[in-house]
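Just follow the structure's listing: the first ligand is 1, and inside any ligand the first atom is 1. Quick note: numbers below take in every heavy atom, side chains included, and nothing from hydrogens, waters or symmetry partners.
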Amino acid sequence: MSDVAVAPGRPLTLGGYQVWPPVVLAPMAGITNVGFRRLCREQGGGIYVCEMITTRALVERNPKTLHMIAFGDDEKPRSLQLYGTDPEITAAAVRIIVERDLADHIDLNFGCPVPKVTRRGGGAALPWRRRLFARLVRAAVDAAAPAGVPVTVKMRKGIDDDHLTYVEAGLAAQEAGVAAVALHGRTAAQRYSGTADWDAIATLKQALDVPVLGNGDIWEADDALRMVAHTGVDGVVVGRGCLGRPWLFADLEAAFDGRSERRLPTLGEVSVTMRRHAELLVDQFVAAARNPTRGERDGCADFRKHVAWYLKGFPVGGELRRSLAMIESLAQLDDLLGKLDPTEPFPVTALGQPRGRTNSPGKVFLPDGWLASRDDDAVPEGAEMDDSGG
Ligand SMILES: Cc1cc2nc3c(=O)[nH]c(=O)nc-3n(C[C@H](O)[C@H](O)[C@H](O)COP(=O)(O)O)c2cc1C
């Protein structure tokens with residue numbers, strides 16, 4: 001049951017789309033593929049963003065990347081995240097998306113904190129180069145505009161506490177014509193450690209006229225209501241909280257509708273969701289491989305990473321957990337799920353707890369001279385990743 005009261009909110013306006021509830025599934029590389037998104041969409045409304053695609057891979061028509069751009073027939077808007085560092089390549093990638101009608105919404109990723117990306121000036125390092133950032137965002141917006149495809153940006157607070165960029169970058173993105181700005185309330189240096197700074201999200205909301213989306217540490221539906229109450233944001237972006245708990249989207253819809261019920265599935269209900277998830281991944285991989293045997297094996301392999309999240313807090317023995325995390329077929333999965341006690345109640349101790357990545361803060365590796373040259377708008381060399389995900 002909810003303990004947070006909320007006034008009925010407004011739908012999130014994203015270009016020509018009205019989204020209710022104002023909830024976005026955060027793009028997560030290796031997670032938010034078409035199967036996972038369908039599983040989540042079956043629970044509630046919102047926008048469900050595809051895994052990140054790199055602009056270079058798209059422009060080079062990398063077959064693996066093209067397979068990653070897969071949407072359900074009923075997915076609307078089809079939301080795709082792009083990673084790029086070069087305005088021209090980004091514009092070319094957006095033109096491909098628009099001309100081939102591959103998506104209805106494009107989100108630009110400026111939040112990636114991994115060293116191999118920031119060391120070359122990409123991801124969370126890029127907004128520091130304010131002219132390059134503005135040029136890149138404008139290139140994407142201009143290329144998407146003829147088709148009426150809204151472009152949004154997703155970013156962090158900055159490189160570290162001494163090099164914050166989010167207000168300036170938000171204003172620049174607004175000026176460039178984005179439909180919304182999402183802020184993950186951490187710096188790149190924080191990675192996934194500590195707690196997200198919702199005050200920064202409130203500051204950005206105050207500064208911008210376009211819709212602002214808040215991101216970071218929404219573990220339960222009531223956290224989303226709290227974030228809206230605290231910051232005034234137009235919508236929330238939910239990542240790790242839904243890992244092993246796609247029903248969080250049902251709770252979020254209930255919460256924004258002003259209903260107080262929340263899901264606490266028994267282990268039997270969780271195992272039905274696990275089976276559904278695995279089946280959707282198998283369907284996805286069979287479609288991609290056009291080979292049922294290989295597709296089932298690859299789908300099951302992709303499912304394995306989710307097992308520990310689904311079982312978090314449930315009293316399930318190590319051996320059964322390990323076997324579930326090694327499945328190669330749906331028949332094997334059925335057999336193992338049959339060994340779980342379906343009456344086991346949901347472990348309420350797992351509620352409100354971080355899940356997924358929670359790593360410690362770290363030094364942000366940057367190209368030489370990066371911090372001393374904010375107005376240099378040269379495209380950083382080698383910062384375009386050539387594969388997608390990451
Ligand atoms: C496994 C994983 C993969 C991620 N991949 C991406 C990505 O490709 N693009 C992106 O913008 N953010 C990515 N993120 C960051 C999330 O979108 C989100 O900003 C972050 O997890 C904070 O939100 P949360 O506290 O709700 O999880 C990823 C996060 C995780 C845990």
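Close approach to Lys154 involves these atoms of ligand 1, each under 4.0 Å from a residue heavy atom: 10 (C), 11 (O), 12 (N), 15 (C), 16 (C), 17 (O), 18 (C), 19 (O). Set against the non-hydrogen atoms of Met52, the atoms of ligand 1 under 4.0 Å away are 8 (O).
Remark: ligand 1 and Ala29 share an N or O pair separated by less than 3.5 Å (distance only, no angle test). When only interatomic distances are considered, the shortest N/O to N/O separation between Arg357 and ligand 1 does not fall below 3.5 Å. Of the polar atoms of Gly241, none of the N or O atoms is found under 3.5 Å from an N or O of ligand 1, judged by distance alone. For ligand 1, the polar-atom distance check against Arg240 finds a nitrogen or oxygen pair separated by under 3.5 Å. For ligand 1, the polar-atom distance check finds no N/O of Arg186 at less than 3.5 Å from any of the ligand's N/O atoms. Considering backbone and side-chain atoms together, Gly239 places an N or O closer than 3.5 Å to an N or O of ligand 1.
Both the sub-6.0 Å distance and the 45° axial angle are not jointly satisfied by Lys312 relative to the ring of Phe314.
Note on ligand 1: Gly216 sits in its first shell, one or more heavy atoms being nearer than 4.0 Å. Residue Gly30 places no heavy atom under 4.0 Å from ligand 1.
Note on ring orientation: taking the six-membered ring where Trp is involved, the planes of His306 and Tyr310 are tilted (angle from 30° to 60°).
Counting heavy atoms closer than 4.0 Å to ligand 1, residue Gln81 contributes side-chain atoms (C-beta onward) but none from N, CA, C or O. Residue Tyr83 does not touch ligand 1, judged by heavy-atom distances below 4.0 Å. Contacts between Met28 and ligand 1, counted as non-hydrogen atom pairs separated by less than 4.0 Å, involve both the backbone and the side chain. Contact annotation for Asp217 and ligand 1: heavy atoms of both the backbone and the side chain come within less than 4.0 Å of the ligand. Proximity of His184 to ligand 1, defined as any heavy-atom pair under 4.0 Å, is confined to the side chain (atoms from C-beta onward).
Side-chain atoms of Trp20 and Asp257 include a donor-acceptor pair closer than 3.5 Å. A donor atom on one side chain and an acceptor atom on the other are not found under 3.5 Å apart for Asp217 and Thr195. A donor-acceptor pair shorter than 3.5 Å cannot be found between the side chains of Glu344 and Thr266.
Ion pairing of Lys339 with Asp334 is absent here, as no side-chain N (NZ or NE/NH1/NH2) approaches a carboxylate O to less than 4.0 Å. Here Asp160 does not pair with Lys363 in a salt bridge; the nearest charged N to carboxylate O distance is not below 4.0 Å.
There is no path of hydrophobic side-chain contacts, each under 4.5 Å, that joins Ile159 to Phe133.
The number of heavy-atom neighbours closer than 6.0 Å to CD of Glu175, taken from other residues, nucleotides and ligands shown, is 12 or below.
Within the 4.5 Å cutoff, side-chain heavy atoms of Leu58 are placed close to those of Ile69.
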